[in-house]
Enquirer: 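Please read through the structure below; I'll follow up with questions.
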Amino acid sequence: FMAATEALGAACGSTAWAYLAHCSAEQALIATGTDAQKDRWLPALSEGRSIGAALVATETGGGSNLMAIQTLANRKDGSFVLNGRKHFITLAGVADLYVVVARLSDAPESGALSCFLVEKEDPGVSFGKREQTVGLRGVSIGEIIFEDCRLPLDRLLGNPGGAMMVLGAIGNIGLLGSASMALGMAEAALNAATTYVKERKVANQLLSSQPGVQAIVGDARFELSGARAWLAQAAAWYSNP
């Protein structure tokens, strides 16, 4: 996973970001889904027949503060009914499956947040504006709106009030994937710069022959080697906690 994300990051940050979101949704299912949920969604996600997106949490009033989430899930007639609006969601309108964080109306504050599996075609799901981001413009980032979105009870992912366990499973993959993507992008940038200084001449001399330029490129290569070593150590810690 990390090698693939690094390779994608070197070629296209947007593709790497979309892949990372997709794998995060899969990891949420693997770590906390029931056997029935895994059987229903994992084969299509793993084979690329469906696209997954995680995490649908951010709202305008709370940013990264999960406890400020206002999207509400009411239990009604044997279903969960979602109402709320999410912003800055990766793959909004593109993914087939979303891991949505909402507040259970009848849960205590300490266990209020739960995660739900929501499909793109579920009634009551719509998509607002796409954000005009500065970078990563090849991946859709936008709004998701829930208006009386009725879900069967088996769409609850994990336990009631168990959002933090789901988020923990996603977060580990997200951190390793983001770092891998950044490493791939940095490697590609340095390779492009190295090629350039070997071709570009100033005062009839190659830039690569200048000690100052050599020092800059050497320092960058050293920093990348260090980043790669730290990432390998993080992967080892994740595999063998």
Enquirer: Grab the two heavy atoms, one from A227 and one from L183, that are nearest each other, plus how far apart they are.
Expert: CB-CD1, 4.1 Å
Enquirer: Would you find a donor on one side and an acceptor on the other, under 3.5 Å apart, between the side chain of H22 and the backbone of A53?
Expert: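 No, H22 side chain to A53 backbone: no donor-acceptor pair under 3.5 Å.
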Enquirer: Can you label the angle between the F116 ring and the F80 ring as parallel, tilted or perpendicular, going by 30° and 60°?
Expert: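 Ring orientation of F116 relative to F80: perpendicular.
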Enquirer: Answer yes or no: is there a side-chain heavy-atom contact under 4.5 Å between R130 and I141?
Expert: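 A side-chain contact is absent here, since even the closest heavy-atom pair is not under 4.5 Å.
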Enquirer: Within the side chain of T5, is there an N or O that forms a donor-acceptor pair under 3.5 Å with the backbone of F1?
Expert: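 Indeed, once roles are kept as given, a pair shorter than 3.5 Å links the two residues.
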Enquirer: Are the charged groups of E119 and R40 less than 4.0 angstrom apart, N to O?
Expert: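 Salt bridge flag = yes for R40 with E119.
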Enquirer: Report yes or no: does K201 contribute a side-chain atom to a donor-acceptor pair with the main-chain N or O of L207 at less than 3.5 Å?
Expert: no
Enquirer: Provide the closest heavy-atom pair for L8 versus T15 in the form atom of the first, atom of the second, distance.
Expert: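 Smallest interatomic distance, heavy atoms only, reads CD2-CG2, 3.9 Å.
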Enquirer: So, taking the atom named CG in L29 and the one named OG in S24, what distance separates them when rounded to the nearest 0.5 Å?
Expert: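 OG of S24 is found 11.5 Å from CG of L29.
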Enquirer: For I51, does its backbone N or O pair with a side-chain atom of D96 as donor and acceptor, under 3.5 Å?
Expert: yes
Enquirer: Using modelled atom types and a 3.5 Å cut-off, is there a donor and acceptor pairing between side-chain atoms of S114 and backbone atoms of A163?
Expert: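 Not a single qualifying donor-acceptor pair exists.
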Enquirer: Less than 4.5 Å apart, side chain to side chain, heavy atoms only: is that true for V99 and V56?
Expert: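 No, their side chains stay 4.5 Å or more apart.
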Enquirer: Please report the closest heavy-atom contact between G84 and T71, naming both atoms and the distance.
Expert: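 Reported closest heavy-atom pair: CA-OG1, 3.6 Å.
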Enquirer: What distance do F127 atom CZ and K86 atom NZ have between them, rounded to the nearest 0.5 Å?
Expert: 14.0 Å
Enquirer: Where is the tightest heavy-atom contact between L157 and G33, given as atom of each residue plus distance?
Expert: CD1-CA, 3.6 Å
Enquirer: Evaluate the side chain to side chain donor-acceptor pair (under 3.5 Å) criterion for residues Q70 and E59: first the C-alpha distance (whole Å), next the side-chain angles of each, then the deciding distance (0.1 Å), finally the verdict.
Expert: CA-CA 8 Å; Q70 296 300 308; E59 299 179 4; 5.9 Å; no
Enquirer: So, does K198 use its side chain to make a donor-acceptor pair with the main chain of S208 at under 3.5 Å?
Expert: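 Between the backbone of S208 and the side chain of K198 there is no qualifying donor-acceptor contact (under 3.5 Å).
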Enquirer: I'd like to know whether CE of M165 has more than 12 heavy-atom contacts from other residues, nucleotides or ligands below 6.0 angstrom.
Expert: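 No - once you tally the heavy atoms of other residues, nucleotides and ligands closer than 6.0 Å, there are 12 at most.
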Enquirer: Measuring only between side-chain heavy atoms, which start at C-beta, is L113 closer than 4.5 Å to M67?
Expert: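 A side-chain contact under 4.5 Å exists here.
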Enquirer: Tabulate below the donor-acceptor pairs under 3.5 Å that side-chain atoms of residues 143-150 make, not counting sequence neighbours, or state none.
Expert:
unit_1, atom_1, unit_2, atom_2, d
E143, OE1, K129, N, 3.1
E143, OE2, R85, NH1, 3.4
E143, OE2, H87, ND1, 3.2
D148, OD1, N83, ND2, 3.1
R150, NH1, K76, O, 3.3

Enquirer: Looking only at atom types and distance, does a side-chain atom of T90 sit under 3.5 Å from a main-chain N or O of A21, one as donor and one as acceptor?
Expert: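 Answer holds: no.
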Enquirer: Between R103 and I69 (side chain of the first, backbone of the second, donor and acceptor by atom type, cut-off under 3.5 Å), is there such a pair?
Expert: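 Present.
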Enquirer: Which atom names give the shortest non-hydrogen contact between A10 and A188, and what distance separates them?
Expert: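 What the structure gives for the nearest pair is O-CB, 3.4 Å.
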Enquirer: Are any of the side-chain heavy atoms of L97 and L45 separated by less than 4.5 Å?
Expert: yes
Enquirer: Heavy-atom distance under 4.5 Å between the side chains of W41 and L117, does that happen here?
Expert: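 Of all side-chain heavy-atom pairs linking L117 with W41, at least one is under 4.5 Å.
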Enquirer: Please report, to 0.1 Å, the donor-acceptor pairs under 3.5 Å made by any side chain of residues 166-180, with sequence neighbours excluded.
Expert:
unit_1, atom_1, unit_2, atom_2, d
N172, ND2, G168, O, 3.4
S178, OG, G174, O, 2.8
S180, OG, L176, O, 2.8

Enquirer: Spell out, as yes or no, whether a donor-acceptor pair under 3.5 Å connects the side chain of Q132 to the backbone of R137.
Expert: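 Absent.
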Enquirer: The criterion is side chain to side chain donor-acceptor pair (under 3.5 Å); which residues satisfy it with R221, sequence neighbours excluded?
Expert: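 R221: side chain to side chain donor-acceptor pair (under 3.5 Å) contacts with E187, N191.
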Enquirer: Do E131 and S140 have side chains that approach each other closer than 4.5 Å (heavy atoms only, starting at C-beta)?
Expert: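 No, every pair of side-chain atoms sits at 4.5 Å or beyond.
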Enquirer: Any side-chain heavy atom of L20 sitting closer than 4.5 Å to one from M181?
Expert: no
Enquirer: Please check: side-chain N/O of Y98 versus main-chain N/O of L91, any donor-acceptor pairing under 3.5 Å?
Expert: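 It does hold such a pair.
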Enquirer: Working note: V197 + L206, criterion side chain to side chain contact (heavy atoms under 4.5 Å, CB included); need CA distance, chi angles, decisive distance, verdict.
Expert: CA-CA 7 Å; V197 299; L206 289 171; over 6 Å; no
Enquirer: Could you tell me which non-hydrogen atom of G135 sits nearest to which non-hydrogen atom of T133, and how far apart they are?
Expert: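 In terms of heavy atoms, the two residues are closest at O-OG1, 2.7 Å.
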Enquirer: Do the charged groups of R155 and D122 touch, with an N to O distance under 4.0 Å?
Expert: yes
Enquirer: I need the L42 CG to E47 CD distance, nearest 0.5 Å.
Expert: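 One gets 10.5 Å once the value is rounded to the nearest 0.5 Å.
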Enquirer: Does the side chain of E199 come within less than 4.5 Å of T195's, by heavy atoms?
Expert: yes
